[in-house]
Amino acid sequence: MEVRVRYAPSPTGLQHIGSVRTALFNYLFARSQGGKFILRLEDTDRSRFSDAYVQNMYDTFSWLGFYWDEGPDLGGPCKPYIQSERFELYREHAQRLVALGKAYYCFCSDKAAAAEPSNPAEGDGQDEAPAGFGYPRTCRALDPAEAKRRADAGESHVIRLKIPLEGTTKFTDLLLGDIEWKNADVNPDPVLLKSDGYPTYHLANVVDDHLMGISHVMRAQEWIPSAPLHMIMYDAFGWTPPALCHLPMVLGQDGHKLSKRHGSTAVDEFRTKGYLKEALINYVAMLGCSYEDGRDLFSLEDLSRLFTIEHINKAPAVFDYVKLEWFNGQYIRMKGDEELVSLMTPYLAAAGLVGDKPSAAESALLLAAAPLVRERLKYLSDAPAALAFLFTEPPLPPLEEFIPKKLDAARAKAALALCKQLLAAVGVDSHEEAEAAFRSKAEAEGFKLGDLLMPLRVAVTGTKVSPPLFESIKVLGVDKALPRIDRAMEALS
RNA sequence: GUCCCCUUCGUCUAGUGGUUAGGACACCGGGUUUUCAUCCCGGCAACAGGGGUUCGACUCUCCUAGGGGAUACCA
């Protein structure tokens, strides 16, 4: 049987790192099985829907670079792939269930149907017997013909699924094994078709998964409680359900479902911060799953080949921003000069250091600068601060920045004078020669090499922390460095 | 409250009856080094608890505890 899996986001918010992980697992499973990965837009919540979120969804996956085989933009044999465009389908199916006696019209107001404990605790620990929550199934007792007449007459209604009052529903989860529910514990008669005519997730997802030939449903474990409900629906329709696989959740440091309070969660935020897609994909793929023992760097292609359900963990995983940062550093260091330049350019441009389309001169400068920062960037957004001195004259730092420990302003100024001399005499075209010259001069004049270089570093780059000095000056140009030294010497006078 | 799922170093994980319980991140030491990084070497650190099964349990089973999730006309 052909493997067909889907990612079914709801455009009611920015793409979340947790959902993207679900998408990735689905994608990897499809690829590893030679199957198809399908995108379906679940835009049935009209109150929270926004076009901006749809756009964000496309932007996110275009950026990440793993894409679906069928979807709203690509088309495919099961189109349309947008649920709002399949509107009629759901009504038909809901009514079919009503006709089958598996569902019923409900005229209760939203409020009357609201979930609430039928036996609130008294508060002293002497709790009453369970009783449960949820819709009290009021309209289930209505006469079907009468109900149909009221619905046809235009009375506001929803359609609810009849959950069997007795018995159990069981299913086999590919990861978790057999799971059995007492029907009495299943959400009592959930809404299938809302009063606005749109389906709820439960109806739409079952109808579409069936119609689109979805073979495996991989989704987060938070969905487990609605699985029996879906199984009951497949059974009511007389359909064979897809295989189910509930993926471990992603938690924040405090052990709760990952959310904004834990830090960035929107893929957009990671992107803006300067994470590489390779790092994000690699890291997220390893949350709750392992590949080859002993290896930790995997490309999307590697993952596509190595992915297996057997290697997914059952336990939830904590999202570790620190480890993601390490991955990011690893991938930044793997970039060649040109690619690193193109990755950094938007950040540099945003900081006003270069034009949006860098000039030839700027490009040359960037290319020369890439090797200086590659080992030093944690995020692409670190680039502007690290390279600003190449594009603008840095503001004069506080004087104490120039003065090495145990030395004074006069000594610092003397050091700068020596540096200026050396720069003029030997230049920095050759690191070896420059270093040798500075080293012997330092020794001759009673400076530690670091104490000689630090004032120069601060004068030229504006900070005590910079890329390697000689290389930096070489890229900047000695002619641009000298005035900065003069400026510093004056300030120290 | 009720139901369901889960449980190896702080974190991500390897491990499928017999291992000195391995790796990675973090952390702590040390080395390289003109700052910061990178890089290299070393160290710390875990099978939730209790019953079984077994010659032998991290591995199988049961119970307890703890954690998480679900209990919507949101997905």
Side-chain angles (χ1 to χ4, degrees), chain A residues 8-10 12-13 19 42-45 47-48 106 108-110 113-115 117 119-121 127-135 156-160 173 176 179-182 184-188 190-196 198-202 204-205 219-228 246 248-249 251 253 255-257 283 286-297 311 313-320 322-327 329 333 373-378 386 435 438-439 442 448-454 456-458 461 463-470:
Chain A
S10 174
T12 53
S19 343
E42 306 221 330
D43 58 344
T44 55
D45 181 351
S47 62
R48 295 194 301 156
C106 169
C108 294
S109 71
D110 202 353
N119 274 323
D127 293 352
E128 291 294 311
F133 290 51
Y135 178 61
S156 176
H157 66 275
V158 301
I159 292 178
R160 288 179 184 275
D173 185 285
L176 271 13
I179 297 179
E180 183 168 357
W181 284 66
K182 289 195 264 305
D185 293 327
V186 177
N187 182 358
V191 170
L192 261 25
L193 202 70
K194 303 185 245 188
S195 53
D196 64 2
Y198 279 89
T200 59
Y201 166 80
H202 301 302
N205 128 79
R219 67 217 327 179
Q221 285 181 5
E222 61 188 301
W223 288 105
I224 292 177
S226 42
H246 289 93
M249 311 258 307
L251 313 177
Q253 298 289 355
H256 286 81
K257 200 154 72 163
Y283 176 66
M286 295 182 91
L287 272 181
C289 195
S290 63
Y291 298 83
E292 259 176 27
D293 189 21
R295 214 225 296 192
D296 29 43
L297 265 20
H311 282 102
N313 272 285
K314 296 179 180 179
V318 174
F319 194 95
D320 185 353
V322 178
K323 189 156 187 175
L324 172 57
E325 185 179 299
W326 177 81
F327 273 102
R333 271 164 243 141
V373 289
R374 178 163 32 232
E375 316 281 281
R376 272 157 264 267
L377 298 179
K378 290 199 296 194
E435 182 171 341
F438 274 78
R439 204 174 280 282
K448 290 197 284 187
L449 182 59
D451 288 349
L452 180 62
L453 259 22
M454 186 52 81
L456 177 60
R457 181 187 309 280
V458 175
T461 69
T463 67
K464 292 163 85 169
V465 175
S466 81
L469 233 201
F470 298 134

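Below, read A as the first sequence line, B as the second, and so on, with proteins coming before strands; counting in each chain starts at 1.
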Just call it for [X]: base, sugar-phosphate, or nothing, with non-hydrogen atoms closer than 4.0 Å on any strand.
X        : answer
A:Val465 : base
A:Arg160 : sugar-phosphate
A:Thr461 : nothing

Enumerate the protein-to-nucleotides 67-70 of chain B contacts in which both atoms are nitrogen or oxygen and the separation is below 3.5 Å.
{"unit_1": "B:G68", "atom_1": "OP1", "unit_2": "A:His256", "atom_2": "NE2", "d": "3.0"}
{"unit_1": "B:G69", "atom_1": "OP1", "unit_2": "A:Lys257", "atom_2": "N", "d": "3.1"}
{"unit_1": "B:A70", "atom_1": "OP1", "unit_2": "A:Lys257", "atom_2": "NZ", "d": "3.0"}

Taking donor-acceptor contacts at under 3.5 Å, does the side chain of A:Ser10 reach the base of B:C74?
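In this structure, the two groups form no donor-acceptor pair.
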Do A:Lys323 and B:A26 have a side chain to base donor-acceptor pair shorter than 3.5 Å?
no
Just how far, in rounded Å, is [atom2] of [N] from [atom1] of [X]?
X        : N     : atom1 : atom2 : answer
A:Glu375 : B:U35 : CD    : P     : 15 Å
A:Leu297 : B:C12 : CG    : C1'   : 14 Å
A:Asp320 : B:U11 : CG    : P     : 10 Å
A:Phe470 : B:U35 : CZ    : P     : 11 Å
A:Leu176 : B:C5  : CG    : P     : 7 Å
A:Phe319 : B:U13 : CZ    : C1'   : 16 Å

For the CG atom of A:Asp320 and the CZ atom of A:Phe327, what is their distance to the nearest 0.5 Å?
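Interatomic distance, A:Asp320 CG to A:Phe327 CZ, rounded to 0.5 Å: 10.0 Å.
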Among A:Thr44, A:Val191, A:Ile159, side-chain contact (heavy atoms from CB on, under 4.5 Å) partner for A:Thr200
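Among the candidates, only A:Val191 passes.
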How far, in whole Å, is B:A45 from B:U54 if one measures between their C1' atoms?
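Here B:U54 and B:A45 have their C1' atoms 31 Å from each other.
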May I ask you to evaluate whether A:Arg295 reaches the phosphate of B:G23, defined as a side-chain N or O under 4.0 Å from OP1 or OP2?
no
Are OP1 or OP2 of B:C12 and a side-chain N or O of A:Ser290 less than 4.0 angstrom apart?
no
Choosing from B:U34, B:A75, B:G22, which nucleotide comes nearest the side chain of A:Asp293?
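Looking only at heavy atoms from C-beta outward on A:Asp293, the closest nucleotide is B:G22.
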